[in-house]
Amino acid sequence: MAPWFLWLEKSWLGTSVNGSTWAFAAIEAGHLLALAVLGAGVFLVNLRLLGFGLRGEKVQDLARAARPWLLGGLLAVTVTGVPLLSSLALNKYYVNPAFWWKMYFFIAAILFTFFVQQPLAMGDERRSSSALGKAVGAITMILWAGVGVMGRGIGFY
Amino acid sequence: MALILDCCRWLESTAVSVGIRESVWTYPIIESVHVLGLSLFMGLLLLWDLRLVGFTLRKIPVSRMWRGLFPWISFGAVIMIASGVLLFWSDPVRFYGNVFFRVKVVGLALALANAMAFHFGIERSLVQWDTQSPPPPAARVAGAASIALWAAIIVVGRLVAYNWFKPLI
């Protein structure tokens, strides 16, 4: 993987972000805005699966309403995340254990969300309102929380 | 202003401030909590504001939406305030002199004023427009203003980390 990280760091994107005083900070601020949008998509459905929040609504209705924010948030964290990574891909991120943990959590959270949580939320309401729904909601939130904590951890390594 | 600065200097000398500053892990942990709280608080507040604007979950009455989200938005706010106060406490003089921090404080005051204006204004007649689509202009404006203000607060909040400008002290 190291050659790819080096290529990214030496790319036009990487050298531009790294060479600018403002770029990293501005993109980082955008990354946080994206995090809020992603939070909207993640918390609405998972709190409901746990039996909290908008309890009067069907899980399916909330999952459908939350989907644009979930997908939009994912797109936005990725679009802002790649230039941040590119700035010092090899020298700061590749060598940083917190970065790799963040990526493992990120991949796990995406896979679990789209292959387990979403099918459950869009399916039979009795099933999504059962103990299974609670477990899935809790696991999904823990995985996303892991991404956030490890992401913050990158800056402290 | 000198009084505020004196308070910050005193805060800086307290055991809590010194403790957070000198510990390796305390500051990163509090900051992680602040970021996770951001996702919960801002995420749900965004949905609430979007409902006021009339962009999402239009079929759910505004009052029912508020009942469901209010405990979690409040919980998120408590996390944000508690972790935010501790972060400020760790280095009060630096934050006081940071231009972005001052803008953030103004932004927070404006966001609070906007929420109060909504609460004591259009919200009083909520029963009349609970299911109205789109919501009345005053509610839509309050929702849009809230989104804009909180987005600005997030951006300047991130920039507080940088010492690009001479401290204002």
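So that the names make sense, note that chain A is the first sequence line, chain B the second, and so on, each numbered from 1. In this text, all values refer to a predicted model and were calculated from it rather than measured experimentally.
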Would one find more than 12 heavy atoms of other residues, nucleotides or ligands at under 6.0 Å from atom CZ of A:F24? yes
For B:P28, is it the side chain, the backbone, both or neither that has a heavy atom under 4.5 Å from a heavy atom of chain A? both
Do you know which of A:V149, A:L38, A:L54 has the most heavy-atom pairs under 4.5 Å to chain B? A:L54
Highest number of heavy-atom pairs under 4.5 Å with chain A: which of B:I154, B:L69, B:V156? B:I154
Taking every heavy atom of A:L32 against every heavy atom of B:L38, the minimum-distance pair comes out as O-CD2, 3.9 Å
Segment of B:L159 engaging chain A (4.5 angstrom heavy-atom cut-off): side chain
When you look at B:L57 and A:L62, which way does the side-chain contact (heavy atoms from CB on, under 4.5 Å) test go after all the steps? CA-CA 8 Å; B:L57 297 163; A:L62 293 183; 3.9 Å; yes
I'd like to know if A:I142 and A:Y104 are part of one continuous hydrophobic network [Ile/Leu/Val/Met/Phe/Trp/Tyr, side-chain heavy atoms within less than 4.5 Å]. no
Given heavy-atom pairs under 4.5 angstrom as the criterion, report whether the side chain, backbone, both or neither of B:I29 touches chain A. neither
State the CZ-CG distance between A:F43 and B:L44, to the nearest 0.5 angstrom. 7.0 Å
What are the two closest non-hydrogen atoms of A:A40 and B:G43, and how far apart are they? CB-O, 3.3 Å
Chain A interface, residue from B:L46, B:L50, B:I73, B:L45 that has the most non-hydrogen pairs under 4.5 Å: B:L50
Are there donor-acceptor pairs under 3.5 Å across chain A and chain B? List atom names and distances.
unit_1: A:E28; atom_1: OE1; unit_2: B:R158; atom_2: NH2; d: 3.4
unit_1: A:E57; atom_1: OE1; unit_2: B:R64; atom_2: NH2; d: 3.0
unit_1: A:E57; atom_1: OE2; unit_2: B:R64; atom_2: NE; d: 2.9
unit_1: A:E57; atom_1: OE2; unit_2: B:R64; atom_2: NH2; d: 2.9
unit_1: A:R152; atom_1: NH1; unit_2: B:E31; atom_2: OE1; d: 2.2
unit_1: A:R152; atom_1: NH1; unit_2: B:E31; atom_2: OE2; d: 3.4

Under 4.5 Å between side-chain heavy atoms, counting indirect links through other Ile/Leu/Val/Met/Phe/Trp/Tyr residues: same cluster for A:V116 and A:L132 or not? yes
Is there a path of hydrophobic side-chain contacts, each under 4.5 Å between heavy atoms of I, L, V, M, F, W or Y residues, that connects A:V79 with A:M103? no
Transitively linked via ILVMFWY side-chain contacts under 4.5 Å: B:F100 with B:I169? no
Would a hydrophobic clustering, with Ile, Leu, Val, Met, Phe, Trp and Tyr connected at side-chain separations under 4.5 Å, put A:F99 with A:Y94? yes
